[in-house]
Enquirer: 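Following this message is one structure expressed as structure tokens.
Computation of the quantities below employed the complete heavy-atom set of this structure, encompassing side-chain atoms and omitting hydrogens, waters and symmetry-equivalent molecules. All ligand and atom numbering here is 1-based and tracks the order in the structure.
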Amino acid sequence: MKETVHQLLNSQINKEFYSAYLYLEFSNYFKAKGLDGFANWYMIQAQEERDHAMLFYQYLQNENQIVTLEAIEKPDKSFSCHMDVLKAGLAHEEYVTSLINDIYAAAYEVKDFRTMQFLDWFVKEQGEEETNANDLITKMELFGSDPKSLYMLNQELAARVYSAPSLVL
Ligand code: MG
């Protein structure tokens with residue numbers, strides 16, 4: 001594997017663990033606000049991000065590449081209302097999409113077709129992540145200001161259950 005691609009894949013392990021940390025902070029925020037459904041939704045999101053990190057970790061090991069684990073940054077918690085959190089979630093997913101695209105471009109540059117194939121799953125996953133984040137914002141815009149509707153939205157999000165990623169290495 002070319003070093004440029006190796007470095008980017010290794011750094012993505014850290015970015016995905018940071019994502020898990022960020023969503024854990026979101027879950028923590030909503031738990032403190034009494035919105036258990038939102039807290040559940042972000043807790044599961046955090047689990048998914050940890051899975052993503054482990055997929056990059058596993059892929060590098062499978063390719064006989066050295067894995068270097070770096071320090072995970074403190075989660076950004078510069079939000080002051082529910083909507084701020086949801087919008088920070090969307091902005092973060094857009095950022096992660098740009099990271100995946102950068103790795104894909106680097107792999108394409110050096111004709112690393114195996115890495116491109118591995119990343120295909122993440123390209124699709126990022127589309128879903130952005131859709132989910134957008135949907136949450138739309139629902140909050142529509143229902144967030146009415147306590148009864150917010151209660152029902154919270155109930156809806158409480159129903160989310162964890163499922164392991166469809167990509168198996
Ligand atoms: Mg992710």
Enquirer: Mark yes or no for whether Gln65, through its side chain, and Glu63, through its backbone, hold a donor-acceptor pair below 3.5 Å.
Expert: yes
Enquirer: To make sure I understand the geometry: which N, O or S atom in His52 is closest to the Mg ion (ligand 1)?
Expert: ND1
Enquirer: With hydrophobic residues grouped by side-chain heavy-atom distances under 4.5 Å, do Phe26 and Leu157 end up in a single group?
Expert: yes
Enquirer: Please name the atom of Glu49, restricted to N, O or S, that is closest to the Mg ion (ligand 1).
Expert: OE1
Enquirer: With rounding to the nearest 0.5 Å, note down the distance linking CD in Gln47 to CG in Leu24.
Expert: 9.5 Å
Enquirer: State whether Glu93 and Lys87 are salt-bridged, where the test is any N-O pair (Lys NZ or Arg NE/NH1/NH2 against Asp/Glu carboxylate O) under 4.0 Å.
Expert: no
Enquirer: Kindly give the atom name of the N, O or S atom of Glu16 closest to the Mg ion (ligand 1).
Expert: OE1
Enquirer: So that I can check it, does any N, O or S atom in Glu48 come closer than 2.8 Å to the Mg ion (ligand 1)?
Expert: no
